[in-house]
**Q** 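Pasting a structure below so you can have a look.
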Amino acid sequence: MKLEKEFYTRTDTIKIAKELLGKKLVSNFGGNITSGIICETEAYCGTKDRGCHAYNGRFTDRTKIMYAVGGVVYVYLCYGVHYLFNVITHIEGEPHAVLIRAIAVQDGLQTILKRRNKTSPDAGLGAGPGLVSACLGFTTKHTGLSLSGNKVWIEDAERIPEKNIIKSARVGMTFEGKYKRIPWRFRIKGSQFTSPAK
DNA sequence: TAGGTGATCTTG
DNA sequence: AAGATCACCTAT
């Protein structure tokens, strides 16, 4: 079952970030269906969140998509090399998003291996936000795609119980203050597919 | 553990 | 218009 628009338009982004763990992220580009189980996420929560691209109301060509109503895709280029895939949440005008940081590869292994330039699979195939996009074929041109369409979507699955979710500080928070340490990074306990801990 | 890489943002 | 910054990966 594809998650409905109503899943994403809810206002509790932390809750959504946790609920996305264990669900299946699917892309269908050029007839190639590829997918993976989401093992790690991070929440970015609006203009008050120092770590969020839309902090302090920043509204630019890049970040404007964050202000859209939940249920669309936001991909941006990081360090000139890696595409990072986010799901927009919350209502229109509230720039919240969930970054997908790691997946356990499911369908379309041959296509994924080709995209990753590998000959055989391993646990690290989708373990990192840049690698998630490399596996599923995401680039900045996919920004704005609806998760209710037939190119990218997320399929429902059983909830990961709270006790099996590891919370920690988000990666790459170089500033000081409350939002540096806030535990908005979520991983499935014991998963070998998550990105390296910091 | 350092370097690569380029879009984006900030400063002058 | 130039320089700093950046939610990272890979191979030394």
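Reminder, nothing fancy here: chain letters follow the sequence lines and each chain counts from 1.
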**Q** From the options dT8(B), dC8(C), dA7(C), select the nucleotide whose nearest atom is closest to the side chain of Arg62(A).
**A** dT8(B)
**Q** Measure from NZ on Lys180(A) to P on dC6(C) and round the result to the nearest Å.
**A**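 Checked: the NZ to P distance equals 11 Å.
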**Q** Please name all residues satisfying side-chain contact (heavy atoms from CB on, under 4.5 Å) with Thr60(A), sequence neighbours left out, ordered by chain then number.
**A** Arg62(A), Thr63(A)
**Q** What's the CG-C1' distance between Leu131(A) and dC8(C), to the nearest Å?
**A** 8 Å
**Q** What does Arg50(A) touch in the nucleic acid at a heavy-atom separation under 4.0 angstrom: a base, only the sugar-phosphate, or nothing?
**A**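 Nothing: the residue Arg50(A), judged by heavy atoms under 4.0 Å, touches no strand.
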**Q** Output every pair passing ring pair (Phe, Tyr, Trp, His ring centres under 6.0 Å) with a member in residues 96-120 of chain A, not counting sequence neighbours, ordered by first then second residue.
**A** His90(A)-His96(A)
**Q** What is the nucleic acid contact for Thr60(A), judged by heavy atoms within less than 4.0 Å: base, sugar-phosphate only, or nothing?
**A** sugar-phosphate
**Q** Please tell me if Arg116(A) has a side-chain N or O lying less than 4.0 Å from either OP1 or OP2 of dT10(C).
**A** yes
**Q** Has Tyr79(A) got its ring stacked on the base of dG6(B), with centres under 5.5 Å and planes less than 30° apart?
**A**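 Here the ring of Tyr79(A) and the base of dG6(B) are not stacked, as the 5.5 Å and 30° limits are not both satisfied.
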**Q** How would you list, by chain and number, every residue that makes a side-chain contact (heavy atoms from CB on, under 4.5 Å) with Ser148(A), sequence neighbours excluded?
**A** Lys5(A), Ser146(A)
**Q** Mind checking which stems touch DNA chain B? I mean at least 3 consecutive Watson-Crick or G-U pairs, both distances under 3.5 Å.
**A** B:1-4 with C:8-11, B:6-11 with C:1-6
**Q** Would you mind classifying the nucleic acid contact of Gly51(A) as base, sugar-phosphate or nothing, using non-hydrogen atoms under 4.0 angstrom?
**A** base
**Q** Take the protein atom OH of Tyr76(A) and the nucleotide atom C1' of dC6(C), then report the distance between them rounded to whole Å.
**A**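 My rounded result for the distance is 7 Å.
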**Q** Under a 3.5 Å distance rule, please check whether Arg170(A) uses its side chain to pair with a backbone N or O of Tyr179(A) as donor and acceptor.
**A**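 Side chain of Arg170(A) to backbone of Tyr179(A): a pair is present.
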**Q** Could you go over nucleotides 2-4 of chain C and give all protein N or O partners under 3.5 Å, atom names and distances?
**A**
none

**Q** Measure from the side chain of Thr63(A), starting at C-beta and using heavy atoms only, and say which of dC9(B), dA7(B), dA7(C) lies closest.
**A** dC9(B)
**Q** Tell me which donor-acceptor pairs under 3.5 Å the side chains of residues 127-141 of chain A have, and how far apart each pair is, sequence neighbours excluded?
**A**
unit_1	atom_1	unit_2	atom_2	d
Ser133(A)	OG	Tyr83(A)	O	2.8
Thr139(A)	OG1	Lys141(A)	N	3.4

**Q** How many whole angstroms separate atom CD of Glu40(A) from atom C1' of dA7(C)?
**A**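 So the two atoms are 11 Å apart, to the nearest Å.
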**Q** In whole Å, I'd like the distance from the CE atom of Met173(A) to the C1' atom of dC8(C).
**A** 12 Å
**Q** Could you work out which one of dA7(B), dT10(C), dA7(C) sits closest to the side chain of His53(A)?
**A**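 Of the candidates, dA7(C) comes closest.
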**Q** Please report the distance, rounded to the nearest Å, between CE in Met66(A) and C1' in dA7(C).
**A**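 Spelled out: CE on Met66(A) to C1' on dA7(C) is 10 Å.
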**Q** With Glu6(A), which residues qualify under salt bridge (Lys or Arg N to Asp or Glu O under 4.0 Å), at least two apart?
**A**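 Salt bridge (Lys or Arg N to Asp or Glu O under 4.0 Å) check on Glu6(A) returns nothing, list empty.
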**Q** Quick one about Thr34(A) and Arg115(A) (side-chain donor to acceptor, distance below 3.5 Å, no hydrogens or angles considered), yes or no?
**A** yes
**Q** Output side-chain donor-acceptor pairs under 3.5 Å for residues 72-81 of chain A, partner residues at least two apart or in another chain, one line each.
**A**
unit_1	atom_1	unit_2	atom_2	d
Tyr74(A)	OH	His53(A)	ND1	2.8

**Q** Calculate the interatomic distance between Tyr83(A) atom OH and dG6(B) atom P; express it in whole Å.
**A**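 Tyr83(A) atom OH is separated from dG6(B) atom P by 10 Å.
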**Q** Taking only nitrogen or oxygen atoms into account, show me every contact under 3.5 Å that the protein makes with nucleotides 10-12 of chain B, one pair per line with its distance.
**A**
none

**Q** Does Asp61(A) reach a base, just sugar-phosphate, or nothing at all? Heavy atoms under 4.0 Å.
**A** nothing
**Q** Under the 3.5 angstrom rule, does the side chain of Lys118(A) hit a backbone N or O of Leu113(A) as a donor-acceptor pair?
**A** no
**Q** Tell me the interatomic distance from Tyr55(A), atom OH, to dT5(C), atom P, rounded to whole angstroms.
**A**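 Distance, rounded to whole Å: 17 Å.
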**Q** Run the side chain to side chain donor-acceptor pair (under 3.5 Å) test against Glu19(A) and tell me which residues pass, sequence neighbours left out.
**A**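 Here the qualifying residues are Arg10(A), Arg159(A).
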**Q** Under a single-linkage rule joining Ile, Leu, Val, Met, Phe, Trp and Tyr whose side-chain heavy atoms are separated by less than 4.5 Å, which residues share a cluster with Val26(A)?
**A**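 Cluster partners of Val26(A): Ile33(A), Trp153(A).
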**Q** With sequence neighbours left out, write down each residue that passes side chain to side chain donor-acceptor pair (under 3.5 Å) with Asp107(A), or none if nothing qualifies.
**A**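 Checked Asp107(A) against side chain to side chain donor-acceptor pair (under 3.5 Å); matches are Lys24(A), Ser35(A).
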**Q** With DNA chain C as reference, determine whether Glu42(A) or Gly124(A) sits nearer its 5' end, using the nearest nucleotide of each.
**A** Glu42(A)
**Q** Does Val171(A) share a hydrophobic cluster with Ile166(A), counting links as ILVMFWY side-chain heavy atoms below 4.5 Å and allowing steps through other members?
**A**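 The answer is no; the residues belong to distinct hydrophobic clusters.
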**Q** Looking for any heavy atom pair under 4.0 Å, which part of the strands does Arg170(A) touch: base, sugar-phosphate only, or nothing?
**A** nothing
